[in-house]
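A quick write-up on the structure given underneath.
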Amino acid sequence: MEEIVLGKLRRWNRWIAVLTGVVLMLCAAVVLLDIILRRMGSSLGGTDEISGYVMAIATSWGMAYTLLELGHVRIDILRGRSDRLARSLFDLFALIVLAGTVTTIAVKCWPVLSRSLQNGSRANTPLETPLALVQAPWFAGWVWFAIVAWATLFAALVLVLKGKFEKSENAIGCFGEEKAVE
Amino acid sequence: MITAITIGLLGFLALSIPVGIVLFLLGFGVDAFYSPFPLIRGLGNQVWSTSNNATLIAIPFFVLLGEILVRSGIAARTYEALDRWVSWLPGGLVHANIATATMFSATSGSSVATAATVATVAMPQAEKLGYDPKLFSGAIAAGGTLGIMIPPSINLIVYGFLTQTSIPQLFLAGLVPGIALALGFMAITVVICLLRPGLGGTSRLFPLGSMLRALLQLIPIILLFTIIIGSIYNGWATPTEAAAVGVACALLIAALFGSVTFSMITDSILGTVKITSMIMLVVIGASFLNFTLASAGLGRELETLLTGLGLSPFGTILVVVLIYIVLGFFIETLSLMVVTIPIIVPLVVAQGFDPIWFGILMIVLIEMALITPPVGLNLYVVQGARKTGKMSEVMLGAIPYAVAMLIMVALLIAFPQIALYLPSALGG
């Protein structure tokens with residue numbers, strides 16, 4: 001059960017990450033086009049603004065993938081010198097704190113979106129982008145991060161309770177920084 | 001407040017809570033205990049305004065650029081080419097290690113990627129030609145650190161963003177110290193190999209024809225660097241736009257070498273998303289902590305602290321350098337930089353130091369953290385790539401280069417112009 005959950009989470013987040021990366025590449029293409037047009041005396045206008053939105057949305061949706069890939073940097077000093085059981089307790093504790101914090105962030109992001117929805121706010125820019133349009137996917141990314149964090153926590157907790165330390169270490173362990181950036 | 005924050009920071013980090021999350025927790029703590037009004041209401045806005053940012057999108061672009069270069073085999077060609085040019089020096093291939101690392105750091109923006117690439121390409125050569133593994137691997141670890149100094153540098157982008165300093169100016173400021181460090185590394189290698197010829201393997205002189213042909217292999221990477229840096233200073237492009245141009249050029253080069261495949265692109269994309277989110281969680285956390293510290297009156301407290309200590313500006317810098325060296329044994333690179341910026345930079349700037357100069361000084365100190373055990377990221381990367389021998393060999397081999405960095409720190413403090421001349425001459 002818990003391994004199925006982890007497998008599914010990994011597969012979904014991999015797809016999300018690929019999609020996020022494609023959006024980033026498209027954004028690079030738009031920026032490039034704008035530079036070329038500018039050299040020819042014209043401009044798309046508003047690429048800066050679009051890049052900002054892409055960055056916000058890509059960041060929030062990439063977080064869960066990075067979590068499952070053990071990419072969020074942790075300092076391994078005490079943990080690395082402990083035995084298997086203690087290591088898994090370190091991991092579970094870190095993940096509880098992460099899940100709680102990310103949930104707080106997601107909850108506090110809601111007013112930003114809800115205000116834009118209520119006031120129908122538009123960006124103070126030439127594009128006059130309706131802010132809710134870009135803040136909704138950004139907010140959804142943080143909510144997704146929180147959901148994935150809790151789901152991973154419960155799956156890993158079950159693994160630890162069943163004594164499958166190696167599997168839990170694979171799911172929520174800490175490879176140290178060197179692996180995190182590979 | 002400063003004491004509580006510092007203790008909290010070290011304690012949470014030691015518990016192996018992710019660094020980005022620790023910064024948020026500290027922010028919550030400052031809000032709960034030191035702020036007269038609730039700051040957590042601003043959390044959502046902070047997260048939105050930090051990540052909705054056209055400057056920071058340069059980070060995924062530069063990461064992607066590096067991923068493409070590393071995964072398309074361009075590094076291997078560069079290494080072979082540089083080998084032809086520098087292997088006549090005492091120390092032979094060790095110089096090729098440093099030079100390749102320098103060139104790659106110039107384009108990729110990531111120290112780890114650089115060290116990993118060079119290590120993968122170089123290690124088989126070292127065994128074949130009978131080099132001393134210590135110096136050889138130490139040189140790769142040290143050369144790889146130049147990635148965060150020589151522009152385009154992701155660390156400098158983050159520093160510029162968090163301290164509101166100009167990123168093009170920071171890039172300019174990093175150029176001379178970065179190249180000087182690379183030359184310093186090479187000089188130290190020559191000295192060591194003259195004293196102990198056994199360490200350096202055989203130096204080889206290649207015929208001129210083969211050297212010139214090798215030069216052809218270097219053209220793409222030099223062109224790439226020129227386009228990125230050139231377009232920023234010509235005013236054609238912002239750092240972000242230059243990064244987008246770099247991605248396009250890297251893809252083009254990879255395509256010319258016939259190494260663009262579906263799996264190469266997917267791997268590059270996945271790597272980019274992972275590293276970007278890793279960086280951004282830390283950056284958003286630091287930005288939130290910055291906001292709470294400023295609102296809770298860190299500035300005033302720092303002033304009192306400084307007057308209380310009675311340190312001269314010079315004394316302050318010495319203390320700061322010492323703090324980084326000590327922290328650098330345990331924390332490193334981006335984490336070290338981001339967790340210290342909210343407290344250290346205001347303190348240093350309040351003493352009248354130039355934030356651009358301090359950014360460069362901080363980068364050298366962080367580079368040193370990358371190669372000082374027990375937690376020295378690049379040491380592990382190189383060790384991971386060479387697969388044989390002991391970790392301690394890499395650590396020993398890196399010591400001479402850490403000494404070169406210390407000399408650089410001293411030089412930067414004695415002659416700030418090393419960093420500041422270019423920005424003031426060209427940046428106006």
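Reminder, nothing fancy here: chain letters follow the sequence lines and each chain counts from 1. Just so it is clear, the structure is predicted and the values come from calculations on it, not from any experiment.
In terms of modelled atom types and a separation under 3.5 Å, the side chain of A:R79 and the main chain of B:S16 share no donor-acceptor contact.
Within the 4.5 angstrom heavy-atom criterion, only side-chain atoms of B:L251, from C-beta onward, approach chain A. Interface residue A:W142: only side-chain heavy atoms are found under 4.5 Å from chain B. Neither the backbone nor the side chain of A:S60 has a heavy atom closer than 4.5 Å to any heavy atom of chain B. With a 4.5 Å cut-off on non-hydrogen atoms, B:P18 touches chain A through its backbone and its side chain both. For chain B, the nearby parts of A:F90 are the backbone and the side chain; heavy atoms of each come within less than 4.5 Å. Of the two parts of A:V112, only the side chain, counted from C-beta on, holds a non-hydrogen atom closer than 4.5 Å to a non-hydrogen atom of chain B. Using a 4.5 Å cut-off between heavy atoms, A:I35 contacts chain B through its side chain alone, with no backbone atom that close. Proximity to chain B (any heavy atom under 4.5 Å) is restricted, for A:F93, to the side chain, taken from C-beta onward. Proximity to chain B is absent for every atom of A:V30, based on heavy atoms less than 4.5 angstrom apart. A:R14 touches chain B through backbone and side chain together, each having a heavy atom under 4.5 Å away. Proximity to chain A is limited to the side chain of B:L64, based on heavy atoms less than 4.5 angstrom apart.
A:T59 OG1 to B:I284 CD1: the interatomic distance, rounded to the nearest 0.5 Å, is 5.5 Å. Rounded to the nearest 0.5 Å, atoms CD (B:E241) and CG (A:D48) are 6.5 Å apart. One distance of note links NZ of A:K108 with CG of B:N45; it measures 12.0 Å at 0.5 Å rounding.
A 6.0 Å sphere centred on CG of A:L161 holds more than 12 heavy atoms belonging to other residues, nucleotides or ligands. The 12-atom threshold is not exceeded at CD of A:E166, counting heavy atoms of other residues, nucleotides or ligands nearer than 6.0 Å. Enclosure of atom CG in A:N119 by more than 12 non-hydrogen atoms of other residues, nucleotides or ligands within 6.0 angstrom is indicated.
Using the six-membered ring where Trp is involved, B:W48 and A:W138 have ring planes that are perpendicular, over 60° apart on the 30 and 60° scheme.
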Subject >> Derivation and outcome, side chain to side chain contact (heavy atoms under 4.5 Å, CB included), residues A:V31 and B:I57 >> reply: CA-CA 11 Å; A:V31 171; B:I57 207 169; 6.0 Å; no

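Here the closest heavy-atom approach between residue B:S277 and residue A:M63 is recorded as OG-N, 3.3 Å. Taking all atoms of both residues into account, the shortest heavy-atom contact from A:V18 to B:I269 is O-CG2, 3.9 Å. A:A17 and B:V273 make their closest contact through O-CG2, 3.4 Å (heavy atoms, listed as atom of the first residue, atom of the second, distance).
Side chains of B:I17 and A:L98 form no contact here, defined as non-hydrogen atoms less than 4.5 Å apart. Counting heavy atoms from C-beta on, the side chains of B:F28 and A:T104 come closer than 4.5 Å. Within the 4.5 Å cutoff, side-chain heavy atoms of B:T276 are placed close to those of A:M55.
When each of A:A94, A:A106, A:P111, A:A58 is scored by its heavy-atom pairs under 4.5 Å with chain B, the top score falls to A:A94.
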